[in-house]
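For the numbers below, each heavy atom of this structure counts, side chains included, while hydrogens, waters and symmetry mates do not. We name chains A, B, ... by the order of the sequence lines, and we start the count at 1 in each one.
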2 protein chains.
Amino acid sequence: MELEFVSRFKTGELSVDRGATIFLEGNHNPHLYTVLMGWAFRYKLLPDGRRQIVNYALPGDLVGLQGSLMGEMQHSVEALTPVILCVFEREKLETLYRNHPDLAFDVTWLAAQQEQMLDENLLSVGRRSALERAAYVLAFLWSRASTVAPKHGRFELPVTQRHLADTLGLSLVHTNKTIAKLVERRLVRWNGGCEVLDLESLQKIAKWSGMPDVQRPLV
Amino acid sequence: MELEFVSRFKTGELSVDRGATIFLEGNHNPHLYTVLMGWAFRYKLLPDGRRQIVNYALPGDLVGLQGSLMGEMQHSVEALTPVILCVFEREKLETLYRNHPDLAFDVTWLAAQQEQMLDENLLSVGRRSALERAAYVLAFLWSRASTVAPKHGRFELPVTQRHLADTLGLSLVHTNKTIAKLVERRLVRWNGGCEVLDLESLQKIAKWSGMPDVQRPLV
DNA sequence: CGTAGGATTGACCCGACTCAAGTTAAGTGG
DNA sequence: CCACTTAACTTGAGTCGGGTCAATCCTACG
């Protein structure tokens, strides 16, 4: 019955290519998406082009909630891999809150979880050294990826070093040198993508205890 | 009728002194608060003591939502001034979602707004220079303060340079030298607190266009 | 008068940035 | 199949923004 509503709530699917812009800062957009497949990233720009990647969106994540709630988007979103999105209409969000309190609760839950991730990220960028930071982001992304990736069988993070640099708040060159250190220590492997070999050591370097694993709602 | 519920939902008030810890990272706490008066700040620590202040809570802000939704607190909260909190019980949150969809909507709205602030902060710490960053935080805090402070009549931000340093992700010494530059330029005044004299110039330095002013819900 | 939290200042150092070449690998069109 | 392009990654040299260390000062307060 819930699922039935979710599908009525849904108005369509949208596929976008790698590199495509899903949302652009400053735009109004009547849609709200859920990622069904692929990776995207949220970022903000300064007028001179400096870019900060603020978080990544994986399958199950909501994209564009802020725009739906407060009108104008305050950040942009770009597809990191080919992405399939489930499209909702902003107006129906009210209906959802009125008729499906449990789903509304889940939406809030997702927003609060985003906040947690941002907090940890801010700690990282503000207070961790380059090596700690790199270790943190890779451990973080790997953990998130693991929740949606095949249980066994290898996979890679679909990021370039430019993405990492802009996530870490470091220059591209220094990011490269920092990752090289992690590769030397055999904690990760880099082949046009990143494979984490030793998650625990990364966490230890980053002084990070991992993500609290609570069961997430489906939405 | 809504207000009536809000007051039934409320279970009490709590006053805490400046410097008191309201939440401690890792704890479970059955309460959820709204700030009625005063300032608090949210922060995270690394095991060796490095601290990152992640955001500030002013009157009208929710404190402890994450703990309510996901169990364990992932950050700490400390009173920056004497603070009066309105106490809610975690369990009643469900009731609120079930019976007051509009209030539930407001809670989500607040969470999304937090997220926006964190995004901008992350941009700041990751990509802005020391001077830009300092200008940004002061402009940001001043804007927020203005929404709850007396319309005319002077006031000051109740922060020390240590707080700013931990917000900016800079050392205390460098923060001091950076603020000194802003004082020289007569953009702010420092007297054991900070008074902003020229908000626009700060925003310009920070390349920040200010907070989108939308009407916030009461809650 | 002594103490303590906060602010300030100067000297020195280092982590991260910039600049400037490379190298590699994957297209793409002739 | 090969020349050309382009995105991504590497590497080294030199510089600089911001960090650390160490005083010192100021003021409120007991």
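Rounded to an integer number of Å, the gap from CZ of B:Arg162 to P of D:dG19 is 11 Å. Atom CG in B:Asn191 sits roughly 16 Å away from atom P in C:dG6 (whole-Å rounding). Atom CG of B:Leu131 is separated from atom P of D:dG18 by 9 Å (rounded to the nearest Å). Between the C1' atom of C:dG6 and the NE2 atom of B:His163 lies a distance of 11 Å, rounded to the nearest Å. Between B:His174 atom NE2 and C:dA7 atom P there is a gap of 17 Å when expressed in whole angstrom units. One can place CG of B:Asp48 at 11 Å from P of D:dT20, the figure rounded to the nearest angstrom. Atom CG of A:Leu172 is separated from atom C1' of C:dA20 by 14 Å (rounded to the nearest Å). Summarising the geometry, the separation between CG on B:Asp166 and P on D:dG19 is reported as 11 Å, rounded to the nearest angstrom.
A side-chain donor-acceptor contact under 3.5 Å links A:Asn55 and A:Gln114. Judged by distance alone, the side chains of B:Gln74 and B:Gln66 never bring a donor and an acceptor atom under 3.5 Å apart.
Of all nucleotides listed (C:dT18, D:dC21, D:dC9), D:dC9 comes nearest to the side chain of A:Thr160. Closest approach to the B:Ser129 side chain among D:dT11, D:dG18, D:dC21 is made by D:dG18 (side chain taken as heavy atoms from C-beta onward). Side-chain proximity of B:Lys177 to the nucleotides C:dG10, D:dT10, C:dT18 is greatest for C:dG10. Closest to the side chain of A:Gln161, out of C:dC17, D:dT10, D:dC21, is D:dT10. Nearest to the side-chain atoms of A:Leu170 among the listed nucleotides D:dC9, D:dG18, C:dC17 stands C:dC17. Checking C:dC17, C:dA7, D:dG18 against every side-chain atom of A:Ser171, the shortest atom distance belongs to C:dC17.
The shortest distance between the side-chain N/O atoms of B:Asn176 and the OP1/OP2 oxygens of C:dA7 is not below 4.0 Å.
Two residues, B:Val173 and A:Arg133, neighbour DNA chain C, and the one matched to the more 5' nucleotide by heavy-atom proximity is B:Val173.
Using a 4.5 Å cut-off on side-chain heavy atoms (C-beta onward), B:Asn121 and A:Leu118 make no contact.
A:Leu131 and A:Lys181 get closest at one heavy-atom pair: CD1-CB, 4.1 Å.
Across all strands, B:Arg127 comes closer than 4.0 Å to no nucleic acid atom at all (heavy-atom distances). Within the 4.0 angstrom heavy-atom criterion, only backbone atoms of the sugar-phosphate kind lie near B:Arg18; the bases stay farther away.
Between A:Asp61 and A:Arg144, at least one side-chain nitrogen of the basic residue sits less than 4.0 Å from a carboxylate oxygen of the acidic one, meeting the salt-bridge criterion.
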